[in-house]
**Student:** 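Attaching a single structure in structure tokens format; questions to follow.
First listed ligand is number 1; within each ligand, the first listed atom is number 1. For clarity, every value in this text was computed on a predicted model and none was experimentally measured.
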Amino acid sequence: MGQSGDSKGRRGASGDAPAPEAAQPGDARPDAAGLSTEEAADEIASLSQLIEAANIAYHQNDAPEITDAEYDSAKRRLTALEAAHPALASPESPTTKVGAPAKEGFGKIRHAQRMMSLENAFAASEIDEFIARIRSFLGLAPDAPLEFTAEPKIDGLSLSLRYENGRLVHAATRGDGEIGENVTENARQIADIPQNVTGAPELLEVRGEVYMTHADFAALNAGEGARVFANPRNAAAGSLRQLDPAITAARPLRFFAYGWGELSAPLSDTQMGSVNQLKTLGFPTNELTTLCRDKADLLRVWERIEAQRSTLGYDIDGVVYKVNDLALQRRLGFRSTTPRWAIAHKFPAETAWTRLTGIEIQVGRTGALSPVARLEPVTVGGVTVSNATLHNEDYIAGRDNTGRALRGGRDLRIGDMVRIYRAGDVIPKIDDVDLAQRPEGAQKFSFPETCPECGSAAIREPGDAVRRCTGGMACPAQAVEKLKHFVSRGAFDIAGLGAKQIEAFYHDAALPIRKPGDIFTLEARDQAGLARLENREGWGKISARNLFAAIDARREIPLETLIGALGIRHVGEQSARLLARHYGDWPSFEAAMEAADPETGAEAWADLLAIDGVGEVLARSVALAFQQPAEREVIDDLVRHLHVLPARQPATDASPIAGKTLVFTGTLEQMSRAEAKARAEALGAKVAGSVSARTDLVIAGPGAGSKGKKALELGIETIDEAQWLALIS
Ligand code: IVH
């Protein structure tokens with residue numbers, strides 16, 4: 001029985017297993033701080049798993065699975081997420097360990113066209129949303145035909161093969177999507193991959209998945225003196241990424257083609273036709289690939305493939321749906337890492353029962369009190385789990401944040417037997433409790449109403465699912481987490497001043513860092529004092545000098561970096577960039593935030609809300625940071641040590657609208673608002689929701705109304721849809 005947790009949890013499409021949210025539902029990878037606790041927890045779990053697997057693969061198996069770039073980017077993102085959601089940072093996090101040093105070996109190949117990832121869906125309702133999004137983006141009528149292909153999602157590693165004049169010239173792993181590793185010689189050892197193709201376009205890039213069958217995997221692992229791989233995917237990746245192609249040759253690797261990159265001529269005008277053409281050219285394609293007319297068709301194929309899963313002989317972890325018409329795929333285009341025209345519909349979660357041994361409360365950067373479940377270690381889907389997120393106090397009490405019952409209203413108590421589930425690469429969650437096994441005398445968990453770190457009152461604002469410590473910078477947990485965020489990679493990124501050093505300096509009596517401004521007085525205080533840094537354990541003359549130099553180098557800081565580094569709730573990298581671009585420089589930003597008040601500074605408030613991507617919650621939070629004396633003092637104390645550079649605007653030479661602020665109004669007939677906005681942003685423009693003196697161009701369709709009038713009054717250039725199409729063509 002399983003209600004999956006809070007209101008965002010969803011059940012699997014099969015109806016009997018809960019499933020968490022899609023990993024990347026947004027149009028871009030969301031800011032670490034902008035994610036909900038649950039979303040952040042999901043991503044932290046998947047990144048931790050990725051990094052840990054990469055470390056084991058590298059250190060223990062000598063068979064790296066991911067590129068250095070992928071590794072670095074995962075670690076950077078994980079650091080940012082942990083800084084933004086400290087309650088979720090586990091003491092065993094890979095960010096607390098020294099990662100695998102870069103391994104020299106494979107050359108790099110820049111992909112002619114980026115290799116993308118896929119958005120994930122778990123519940124059937126997410127497939128409805130996927131289809132509705134596409135229809136709305138394309139402006140299709142509800143009854144207009146829209147075909148999809150459905151095919152297994154192979155659990156291997158992706159590979160791009162480039163053929164010139166029919167000859168395989170190179171093969172590259174995905175890497176970070178832009179640059180992959182040159183594994184050409186290894187790919188040549190795979191029998192499924194043709195060396196030469198006849199009848200192919202002059203230039204052909206074929207993309208697909210390298211994998212290993214269950215039988216081959218078992219034989220490989222059983223082989224004498226064999227290195228034992230955890231699963232076929234690891235074995236496939238480890239085998240492809242061998243510096244010696246002879247080793248790859250001895251490993252039974254297979255390949256399925258499912259896509260393409262650069263082409264000198266199209267393979268077909270449909271996804272299905274192209275896959276068939278790849279088959280004709282001699283590439284193995286998956287025979288379960290099916291053309292579907294609607295959602296019902298897709299779900300039928302999903303169920304059929306899931307039923308066949310255990311007999312296929314190779315690992316799959318879901319079904320991929322793709323828009324069949326390539327002209328529509330082109331119009332739909334890509335978000336930052338995923339196409340809008342495809343989605344991976346994953347199979348349901350794997351579950352296991354274990355005992356809840358404790359509930360720990362962690363206090364994060366924004367004061368959130370986050371409960372974490374400590375569990376008797378248990379294996380779920382091949383991974384040992386000993387912690388799980390408990391979200392918030394309502395979740396423990398057996399209700400969601402609207403007050404509805406979760407788990408039939410059963411609360412969680414220390415000592416309970418609980419059911420853990422994982423779906424995809426996400427952090428484990430608890431979705432059920434067995435009351436029959438509840439130990440006698442088990443007490444209801446009483447959620448603290450004071451901060452366990454500083455003793456300040458911990459309160460819940462109306463509408464907030466989370467209880468928060470009110471101590472602000474006076475709470476050591478919040479202060480330390482804010483400081484860690486401040487020095488982290490996406491923020492001030494001060495070499496030699498990481499999380500560990502921040503912890504130490506925070507508690508240092510002689511040379512403390514208790515607020516960001518203290519970082520910039522560190523050298524002066526060091527020189528004035530007796531207990532010099534260079535004489536401390538772990539420090540020397542050179543490292544101290546390097547630290548001071550690294551700090552000095554950050555006295556000059558771009559506006560967007562500074563705004564993001566302040567650690568204001570709801571303000572992540574993306575929103576910091578929006579704010580910085582809108583206000584341009586620090587004095588304007590600071591003055592605007594000070595003034596932005598719905599009552600007393602209506603104009604500044606309206607101007608803030610008019611920024612596309614800035615909602616009321618963010619606006620309130622950022623304005624408050626400048627209006628609350630205690631927070632403001634911390635900011636002022638910092639900024640006096642800095643030279644804040646004006647915001648970087650997007651390159652202006654790329655397109656006629658780059659760097660401009662556009663407003664769409666009235667009805668567009670050739671494309672939906674979403675498509676128009678995506679096109680404008682892809683060309684470097686900002687899209688605002690209302691017309692103001694900052695607007696550069698208004699695109700007005702029929703029925704433009706008050707915005708059209710305002711544009712006229714302000715003398716802002718206004719064009720119609722035909723002119724807009726001409727402008728972007
Ligand atoms: S299409 C632009 N189709 O899944 C779309 N990917 O989670 C690119 N994968 O990186 C991917 N089976 O390595 C596609 N039938 C399939 C797939 C598939 C496995 C992998 C691929 C991709 C990853 C995304």
Side-chain angles (χ1 to χ4, degrees), residues 22-25 29 42-43 46-47 49-50 65-67 70 73-74 111-122 130 134 148-161 171-178 180-181 183 205-212 232-234 236-237 240-241 253-263 271-272 274-276 278-279 283-292 298 301-302 305 309 312 314-324 326 328-330 332-347 423-426:
Q24 295 289 327
R29 180 141 97 165
D42 284 354
E43 206 184 332
S46 81
L47 288 172
Q49 215 181 315
L50 177 99
E65 291 171 15
I66 58 173
T67 64
E70 265 182 314
S73 126
H111 299 297
Q113 278 180 14
R114 285 191 62 195
M115 288 184 80
M116 305 302 256
S117 181
L118 287 169
E119 180 189 353
N120 287 331
F122 293 90
F130 166 67
I134 290 175
F148 293 90
T149 57
E151 67 199 67
K153 184 170 188 299
I154 316 296
D155 201 4
L157 75 154
S158 47
L159 186 66
S160 184
L161 304 167
T173 61
R174 185 171 78 173
D176 63 1
E178 280 182 25
E181 282 172 325
V183 290
E205 274 187 10
V206 176
R207 285 169 180 181
E209 203 83 352
V210 173
Y211 68 100
M212 195 178 280
R233 200 206 88 84
N234 281 6
L240 183 68
R241 303 182 71 245
L253 293 177
R254 310 282 182 107
F255 181 74
F256 273 129
Y258 52 64
W260 55 92
E262 200 178 12
L263 297 173
Q271 177 75 29
M272 196 69 187
S274 304
V275 171
N276 287 338
L278 288 174
K279 185 174 179 188
F283 294 91
T285 56
N286 197 291
E287 57 178 18
L288 299 175
T289 307
T290 311
L291 192 61
C292 296
L298 291 173
V301 174
W302 186 87
I305 294 179
R309 188 178 182 184
L312 291 176
Y314 51 87
D315 276 348
I316 63 172
D317 56 354
V319 178
V320 183
Y321 307 147
K322 299 172 182 169
V323 168
N324 190 40
L326 299 187
L328 297 184
Q329 281 193 8
R330 262 190 301 280
L332 286 159
F334 297 88
R335 309 174 191 98
S336 59
T337 60
T338 57
R340 289 192 186 86
W341 43 264
I343 200 161
H345 189 179
K346 304 292 276 285
F347 294 135
D425 288 336
V426 300

**Student:** Using a threshold of 4.0 angstrom between heavy atoms of the protein and any atom of ligand 1, which residues qualify?
**Tutor:**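 Near ligand 1, by chain and number: Met116, Ser117, Leu118, Glu151, Pro152, Lys153, Ile154, Ser158, Arg174, Glu209, Tyr258, Val320, Lys322, Pro339, Trp341.
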**Student:** Run the side chain to side chain donor-acceptor pair (under 3.5 Å) test against Asp315 and tell me which residues pass, sequence neighbours left out.
**Tutor:**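 Asp315 satisfies side chain to side chain donor-acceptor pair (under 3.5 Å) with His214 only.
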**Student:** What class does the angle between the rings of Phe347 and Trp302 fall in, given that below 30° is parallel, 30 to 60° is tilted and above 60° is perpendicular?
**Tutor:**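 Correct class here is tilted.
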**Student:** Any carboxylate oxygen within less than 4.0 angstrom of a Lys/Arg side-chain nitrogen, looking at Arg335 and Glu119?
**Tutor:**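 Salt bridge present between Arg335 and Glu119.
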**Student:** I'd like to check the ring pair (Phe, Tyr, Trp, His ring centres under 6.0 Å) partners of Tyr314; sequence neighbours left out, ordered by chain and number.
**Tutor:**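 Expected list: Tyr211, Phe256.
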**Student:** Are any of the side-chain heavy atoms of Lys153 and Leu118 separated by less than 4.5 Å?
**Tutor:**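 Contact flag for Lys153/Leu118 side chains = yes.
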**Student:** Could you list the residues that satisfy side-chain contact (heavy atoms from CB on, under 4.5 Å) with Glu262, not counting sequence neighbours?
**Tutor:**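 For Glu262 the side-chain contact (heavy atoms from CB on, under 4.5 Å) partners, ignoring immediate neighbours, are Ala112, Gln113, Arg162, Leu203, Glu205.
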